[in-house]
Amino acid sequence: MGHLWTLITHLHTLAGPVMMLIYPLHASIVAIESTSKLDDEQWLAYWILYSFLTLAEMLFQPILDWIPIWYDVKLIVVAWLVLPQFRGATFIYETYVREKIFKKYEDHQGKTKKKSVHFMTPKKEEEDDDDEAY
């Protein structure tokens with residue numbers, strides 16, 4: 001029974017980094033390379049929420065140290081955010097962040113800005129000029 005308990009303890013310890021970092025990192029890379037926008041939204045929302053969770057955890061660490069099941073609760077919440085069956089990160093972002101925070105920001109600004117992303121890529125001519133300079 002001792003070896004089984006040791007194995008379970010090690011798996012429990014590894015579950016957090018795998019669920020919270022390794023799988024989302026892999027899925028984010030796959031999402032960037034795909035043409036679908038839905039998976040991009042899911043993983044960007046996840047990283048936003050994970051950042052908030054990490055900041056809150058840092059702020060409330062003295063209190064959380066008194067809660068013995070905090071790691072397990074965090075693992076379950078992150079699993080809900082991460083797993084594609086639930087799409088929890090997208091749900092939380094659309095329900096709370098976009099509706100409550102972003103809408104308030106737009107109301108204070110008095111106008112709605114278009115969302116657009118511009119990737120900076122060098123033109124072919126600029127690349128050739130840079131190569132000649134070296």
Side-chain angles (χ1 to χ4, degrees):
M1 183 66 179
H3 293 295
L4 179 62
W5 185 251
T6 304
L7 178 65
I8 290 171
T9 304
H10 286 301
L11 290 176
H12 183 261
T13 305
L14 287 175
V18 169
M19 183 70 67
M20 293 179 221
L21 296 170
I22 295 173
Y23 175 68
L25 176 64
H26 170 72
S28 297
I29 293 169
V30 170
I32 288 172
E33 297 300 325
S34 75
T35 57
S36 172
K37 186 179 175 186
L38 290 176
D39 55 359
D40 295 349
E41 288 178 1
Q42 162 68 18
W43 294 110
L44 188 55
Y46 170 75
W47 290 113
I48 291 168
L49 294 171
Y50 182 74
S51 298
F52 282 140
L53 180 64
T54 303
L55 286 171
E57 199 173 26
M58 288 169 52
L59 288 172
F60 299 111
Q61 189 64 43
I63 297 167
L64 295 174
D65 286 341
W66 287 88
I67 303 172
I69 61 168
W70 167 246
Y71 185 77
D72 298 321
V73 170
K74 180 181 173 184
L75 194 59
I76 291 168
V77 168
V78 169
W80 180 74
L81 292 174
V82 165
L83 294 174
Q85 297 88 340
F86 303 114
R87 293 181 39 90
T90 303
F91 173 77
I92 295 291
Y93 182 80
E94 288 177 355
T95 304
Y96 297 103
V97 177
R98 180 182 288 158
E99 293 299 320
K100 304 291 189 263
I101 297 170
F102 191 69
K103 294 290 184 185
K104 284 183 183 179
Y105 175 75
E106 284 181 349
D107 291 343
H108 289 292
Q109 294 296 323
K111 57 185 173 184
T112 303
K113 294 182 180 182
K114 290 184 178 179
K115 291 193 297 184
S116 63
V117 177
H118 300 283
F119 292 99
M120 300 201 46
T121 56
K123 295 179 182 175
K124 185 65 176 164
E125 296 169 10
E126 292 176 7
E127 287 178 354
D128 293 339
D129 292 341
D130 291 342
D131 290 341
E132 292 173 6
Y134 295 106

Item checked: Interatomic distance, I63 atom CD1 to E57 atom CD [nearest 0.5 angstrom] -> 12.5 Å
Note to self: Rounded at 0.5 Å granularity, tell me how far CG in L53 sits from CG in L49.
What the structure shows: 8.5 Å
Check: Is there a chain of hydrophobic side chains (I, L, V, M, F, W, Y, each step under 4.5 Å between heavy atoms) that links W70 to I76?
Finding: no
Checklist line | Which atom of M19 lies closest to which atom of A79, heavy atoms considered | finding: SD-CA, 3.9 Å
Next item on the list: Check Y50 against M20 and note the closest heavy-atom contact, atom names and distance.
Entry: CE1-CB, 3.8 Å
Note to self: Using the rule that Ile, Leu, Val, Met, Phe, Trp and Tyr join whenever any side-chain heavy atoms are under 4.5 Å apart, tell me whether I29 and I48 fall into a single cluster.
What the structure shows: no
Margin query: Under a plain distance cut-off of 3.5 Å, with no hydrogens placed, do Q42 and T90 share a side-chain donor-acceptor pair?
Written below: yes
Check: In Å, rounded to the nearest 0.5 Å, how long is the span from CG of L64 to CD1 of I67?
Finding: 5.0 Å
Next item on the list: Please round to the nearest 0.5 Å and tell me the distance separating atom OG of S28 and atom CG of L21.
Entry: 10.5 Å
Check: Considering all heavy atoms of both residues, which atom of A89 and which atom of A45 are nearest to each other, and what is their separation?
Finding: O-CB, 3.6 Å
Notebook entry, point to check: Do side-chain atoms of T95 reach the backbone of I92 as a donor and acceptor pair under 3.5 angstrom?
Noted result: no
Item checked: Spatial distance of atom CZ (F86) from atom CZ (F91) [nearest 0.5 Å] -> 13.0 Å
Next item on the list: Determine the minimum heavy-atom distance between P17 and Y71, stating which atoms define it.
Entry: CD-OH, 3.9 Å
Notebook entry, point to check: If you take all heavy atoms of V18 and P24, which pair is closest and at what distance?
Noted result: O-CD, 3.9 Å
Notebook entry, point to check: Is the Y23 to W43 ring centre distance short of 6.0 Å?
Noted result: yes
Note to self: Is it the case that over 12 heavy atoms from other parts of the model lie below 6.0 angstrom from the CD1 atom of I69?
What the structure shows: no
Notebook entry, point to check: Does one hydrophobic cluster hold both V73 and L59, with members joined at side-chain heavy-atom distances below 4.5 Å?
Noted result: yes
Next item on the list: Heavy atoms only: give me the nearest W47-S51 pair and the separation to one decimal.
Entry: O-OG, 2.8 Å
Check: Linking I/L/V/M/F/W/Y whenever their side-chain heavy atoms sit closer than 4.5 Å, directly or via other members, would Y96 and F52 fall into one cluster?
Finding: yes
Item checked: Reported OH-to-CG distance for the pair Y93 and L81, which is rounded to 0.5 angstrom -> 14.5 Å
